[in-house]
Participant: 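Provided herewith is a single structure, encoded as C-alpha cells, for subsequent inquiry.
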Amino acid sequence: AYEGMVGFWTSPNAPAAEAAQLAAFDKLVFSRTLQKADWDNVTIVRDNIADELNRRKAEPGKDMVLLAGAGIAQSFLELDLIDEMDLMIMPVLFGGGKRLFSANTGRRKLQLANSFTMTGGLVRAIYRR
C-alpha cells in the first residue's frame, strides 16, 4: 500500500494541494521488508504494532486513519486497536481475495454510527465500538 501511495502522491499526476496536505501528515508504515521511506514524515514500524499505536493514541492530536488491505486491518482488529471502522462496500464481486474478518478477530459488538449510499452503488458504513 505504501509503495502505491507514494508512487502516486509524489508524482506530477497527483493534485498538488492534496499531495502537499498528505505529505505534511505523520505517516506510519507497517512493514517487515521496507528498508527506507522516500516520503516526508514517514515512520516505519516493523514490530510492536500495539505498543506504537497505543503510544500515539495517547498523544494529543487528531484521529488516525488506516489505509491498506485486509492483512493489516486483521492485525489491528486482533490487537483491538480499532475504535471506528469506515467500511466502503463496492458493488463488485471478485470471488476471491483475503477476508477482512478472520476467525482470530473474535466477536466484537459494534454500533452503526452512520451510512451513506454513494454514486455507482457504493455503500459506506461507519461502525464504532
Participant: Quick test of your reading: applying ring pair (Phe, Tyr, Trp, His ring centres under 6.0 Å), list the pairs with at least one residue in residues 30-74, sequence neighbours left out, ordered by first then second residue.
Facilitator: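 Matches after skipping sequence neighbours: F30-F76.
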Participant: Return the set of residues passing salt bridge (Lys or Arg N to Asp or Glu O under 4.0 Å) with D38 (not counting sequence neighbours), or none when no residue passes.
Facilitator: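 Only K36 meet the salt bridge (Lys or Arg N to Asp or Glu O under 4.0 Å) criterion with D38.
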Participant: Could you list the donor-acceptor pairs under 3.5 angstrom formed by side chains in residues 83-95, with sequence neighbours left out?
Facilitator:
residue : atom : partner : partner atom : Å
D83     : OD2  : K57     : NZ           : 3.1
E84     : OE1  : R128    : NE           : 2.4
E84     : OE1  : R128    : NH2          : 3.2
D86     : OD1  : R124    : NE           : 3.0
D86     : OD2  : R124    : NE           : 3.1
D86     : OD2  : R124    : NH2          : 2.7

Participant: For R55, check side-chain hydrogen bond (donor to acceptor under 3.5 Å, both in side chains) against everything at least two apart and list the hits.
Facilitator: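 Once residues adjacent in sequence are excluded, the partners of R55 under the side-chain hydrogen bond (donor to acceptor under 3.5 Å, both in side chains) criterion are E52, E59.
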Participant: Counting only heavy atoms not in D63, do more than 12 sit closer than 6.0 Å to its CG atom?
Facilitator: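 For D63, atom CG is not crowded (no more than 12 foreign heavy atoms under 6.0 Å).
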Participant: Taking all heavy atoms of V42 and all of Y2, pick out the closest pair and write down the distance.
Facilitator: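 Smallest interatomic distance, heavy atoms only, reads CG2-CE1, 4.2 Å.
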Participant: Could you check whether any side-chain N or O of N41 sits under 3.5 Å from a backbone N or O of K27, counting only pairs where one atom can act as donor and the other as acceptor?
Facilitator: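 Checked: no pair found.
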Participant: Please name the pair of heavy atoms, one in W9 and one in P15, separated by the smallest distance, quoted to 0.1 Å.
Facilitator: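 Answer, listing the atom of W9 first, then P15: CZ3-CD, 3.8 Å.
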Participant: At their closest point, which heavy atom of I44 faces which heavy atom of S31, and how far apart are they?
Facilitator: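 For I44 versus S31, the nearest heavy atoms are CG2-O, 4.1 Å.
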Participant: Under a 3.5 Å distance rule, please check whether R56 uses its side chain to pair with a backbone N or O of D51 as donor and acceptor.
Facilitator: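 Checked: no pair found.
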Participant: Which residues pass the salt bridge (Lys or Arg N to Asp or Glu O under 4.0 Å) test with E18, not counting sequence neighbours?
Facilitator: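 Residues passing salt bridge (Lys or Arg N to Asp or Glu O under 4.0 Å) with E18: none at all.
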Participant: List in chain and number order the residues that pass salt bridge (Lys or Arg N to Asp or Glu O under 4.0 Å) with D80, two or more places apart in sequence or in another chain; answer none if no residue qualifies.
Facilitator: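 Scan of D80 (salt bridge (Lys or Arg N to Asp or Glu O under 4.0 Å), adjacent residues dropped) gives R108, R129.
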Participant: Near E3 CD, under 6.0 Å, is it more than 12 heavy atoms from other residues, nucleotides or ligands?
Facilitator: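 Incorrect, the count does not exceed 12.
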Participant: Which atom names give the shortest non-hydrogen contact between A125 and Y127, and what distance separates them?
Facilitator: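 Shortest heavy-atom separation between A125 and Y127 comes out as CB-CE1, 3.6 Å.
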